[in-house]
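Right, one structure below, let's go through it.
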Amino acid sequence: MTTQHKFYHFGIVLAIVLLLPLSISAQQNRVHVMTVEGVIGPVTAEFINSELDAATNANAEALIIQLDTPGGLMTAMRSIVKTELNAETPVIMYISPKGAQCASAGVFISYAAHIFAMAPGTNVGSASPVTLGGGGATPGTEGQQDTTQSETMMKKVTNDAVAQIKSIAEQRGRNGEWAEEAVREAVNITEYEALELNVIDYISPSLDSLLAQIDGDTVEVASGETVIQTGNAQIVYREKSTRFKILDTISHPNVAYILMMLGFYGLFFELSNPGTIFPGVIGAICLILAFFAFQVLPINYAGIALIILAIILFIAETQVPSFGLLTAGGVASMVIGSIMLIDTPEPFFRVTWSVIIPVVVTTVLFFVFALGMALKAQKSKVITGVEGIVGEIGIAETPIHQSGTVAVHGETWTAVSDEPIPEGTEVRVEEVRQMKIKVSPVHNN
């Protein structure tokens with residue numbers, strides 16, 4: 001063998017050695033892992049749906065969702081469930097870490113997953129729909145009718161939720177009877193009880209143990225049965241994009257509410273003082289962000305209308321002597337509007353009192369006191385500058401007719417008068433004419 005052939009064969013062997021790890025890595029199974037914490041809303045639904053699409057496009061073995069939620073909106077939950085039931089990639093719901101919970105809407109989306117696992121020290125249940133408004137009955141027939149209507153609506157919502165979760169349980173081979181109790185009776189169980197009752201598939205203390213447990217499992221995806229291969233799988237952690245992080249932050253009801261109020265303040269400043277620019281720009285940005293957040297929140301536009309009405313009443317209070325009636329109406333309108341702003345019975349989607357009260361108090365103080373004082377100052381007599389001496393009393397230092405001098409506020413002014421004024425006479429300043437003042441004798445007024 002020639003030296004040239006030796007180098008040729010050595011090059012082939014070296015290429016194989018270098019490319020073999022890359023080939024093995026390329027063929028290695030991948031599992032996408034994402035984390036969902038907190039309330040389930042439209043942003044969460046969009047995040048999960050987009051990540052499931054990404055896992056499918058990447059030919060991932062599965063999408064594992066590490067979940068810890070107190071619940072959320074029914075509309076967002078239905079969107080996620082629909083995506084899971086029609087998914088081409090297996091979805092594994094993993095209630096984690098220790099101390100995490102899976103309640104309300106979380107139970108539905110976990111039941112719809114192909115595999116449902118829980119970490120030790122977690123719990124699942126309390127899937128009852130929240131009562132839709134109302135409250136107790138009021139005295140009389142009208143109150144009884146309201147209560148009856150509320151109870152009827154509650155039955156419809158509950159029966160609908162029961163039918164849905166039982167259908168999901170049948171699809172995934174889970175305990176439908178317990179699921180119905182979780183909706184009707186709000187029962188809650190630990191991970192060990194859940195495993196015994198066939199609510200979950202595995203108890204997994206860690207993500208690695210979960211991957212080992214589900215390796216080789218056969219699940220039914222939209223296109224048919226598939227075997228999950230997670231042995232030595234590469235874990236790909238999926239983080240929220242900047243867009244989702246921003247949307248998640250501003251879509252919090254408290255943040256969206258504050259942005260809306262700042263937007264109103266900014267635009268009012270700009271309209272009151274045209275040309276200021278900065279308040280108008282900030283106000284416009286805040287309003288755009290607020291209405292962007294409102295797209296993913298169940299907004300009651302009657303609440304927005306009441307808040308706008310409150311601001312109008314506060315402004316009117318500075319113009320009309322209503323003895324506080326307009327202010328009281330504005331406070332009531334703003335409080336009611338703030339409570340009504342988010343149209344959902346879920347408490348974690350409401351604007352909290354710790355935000356509403358400071359905003360209302362600040363708004364009242366600003367419009368009634370700060371703005372009122374500013375308007376009063378604009379209407380008051382000018383007391384500084386050239387115009388400030390109009391109406392002041394001075395002494396004629398020289399005889400005044402066509403021309404003369406007057407001492408006013410310790411200054412000497414050139415003065416004119418329509419009639420002769422002797423030296424030493426008290427005079428009143430009538431007007432200022434190009435740095436000259438027109439005066440008249442005090443005793444003639």
Given the rule in the side chain to side chain contact (heavy atoms under 4.5 Å, CB included) test, do C102 and T122 qualify, once you have shown the distances and angles that lead to the verdict? CA-CA 8 Å; C102 176; T122 57; over 6 Å; no
Minimum-distance pair of heavy atoms, taken over all atoms of [X] and [Y]:
X	Y	answer
L197	N175	O-ND2, 2.7 Å
A105	L73	CB-O, 4.5 Å
A415	V406	CB-CG2, 3.4 Å
M93	S110	CG-OG, 3.3 Å
C286	L259	CB-O, 3.3 Å
A290	M260	CB-N, 3.6 Å

Begin with the C-alpha distance, continue with both residues' side-chain angles, and end with the deciding distance and a verdict on side chain to side chain contact (heavy atoms under 4.5 Å, CB included) for V43 and K245. CA-CA 9 Å; V43 178; K245 289 180 180 178; over 6 Å; no
Less than 4.5 Å apart, side chain to side chain, heavy atoms only: is that true for [X] and [Y]?
X	Y	answer
D208	I235	yes
V427	I393	no
I307	Y257	yes
D418	S440	no
V124	F116	yes
T44	M77	no
E191	K98	no
L262	I282	no

ring-ring contact (aromatic ring centres under 6.0 Å, His included) pairs, two or more places apart, involving residues 37-62: F47-F244
Main-chain N/O of [Y] paired to [X] side chain as donor or acceptor, under 3.5 Å:
X	Y	result
T363	V359	yes
N300	I339	no
T83	S79	yes
D68	Q101	yes
R172	A112	yes
S206	S209	yes
Y111	V199	no
N254	T352	yes
S333	L306	yes
H114	I92	no

Would a line drawn from the ring center of F291 to the ring center of F294 be shorter than 6.0 Å? yes
Output the distance between atom [atom1] ([X]) and atom [atom2] ([Y]), rounded to the nearest 0.5 Å.
X	Y	atom1	atom2	result
I95	I65	CD1	CD1	9.5 Å
S96	E37	OG	CD	9.5 Å
D160	I165	CG	CD1	11.5 Å
L211	S204	CG	OG	9.0 Å
I64	T35	CD1	OG1	10.5 Å
I115	D201	CD1	CG	6.0 Å

Test side-chain hydrogen bond (donor to acceptor under 3.5 Å, both in side chains) on E225 and T218; report intermediate values, then the result. CA-CA 7 Å; E225 289 188 350; T218 300; 5.6 Å; no
Heavy atoms of other groups near E220 CD, more than 12 under 6.0 Å: yes
K240 NZ: over 12 foreign heavy atoms closer than 6.0 Å: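 More than 12 within 6.0 Å, yes.
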Going by side chain to side chain donor-acceptor pair (under 3.5 Å), name the residues that satisfy it together with E431, two or more places apart in sequence or in a different chain. R433
Return a table of donor-acceptor pairs under 3.5 angstrom between the side chains of residues 56-63 and protein atoms on other chains or two or more places apart.
{"unit_1": "T56", "atom_1": "OG1", "unit_2": "L52", "atom_2": "O", "d": "2.9"}
{"unit_1": "T56", "atom_1": "OG1", "unit_2": "T89", "atom_2": "OG1", "d": "2.8"}
{"unit_1": "N57", "atom_1": "ND2", "unit_2": "D53", "atom_2": "O", "d": "3.2"}
{"unit_1": "E61", "atom_1": "OE1", "unit_2": "Q229", "atom_2": "N", "d": "2.8"}

Taking it one step at a time, do Y202 and L195 satisfy side chain to side chain contact (heavy atoms under 4.5 Å, CB included)? CA-CA 7 Å; Y202 299 106; L195 184 63; 5.8 Å; no
Taking it one step at a time, do V432 and V390 satisfy side chain to side chain contact (heavy atoms under 4.5 Å, CB included)? CA-CA 7 Å; V432 179; V390 175; 4.0 Å; yes
Below 4.0 angstrom, N of the basic side chain to O of the carboxylate: do R243 and E46 qualify? yes
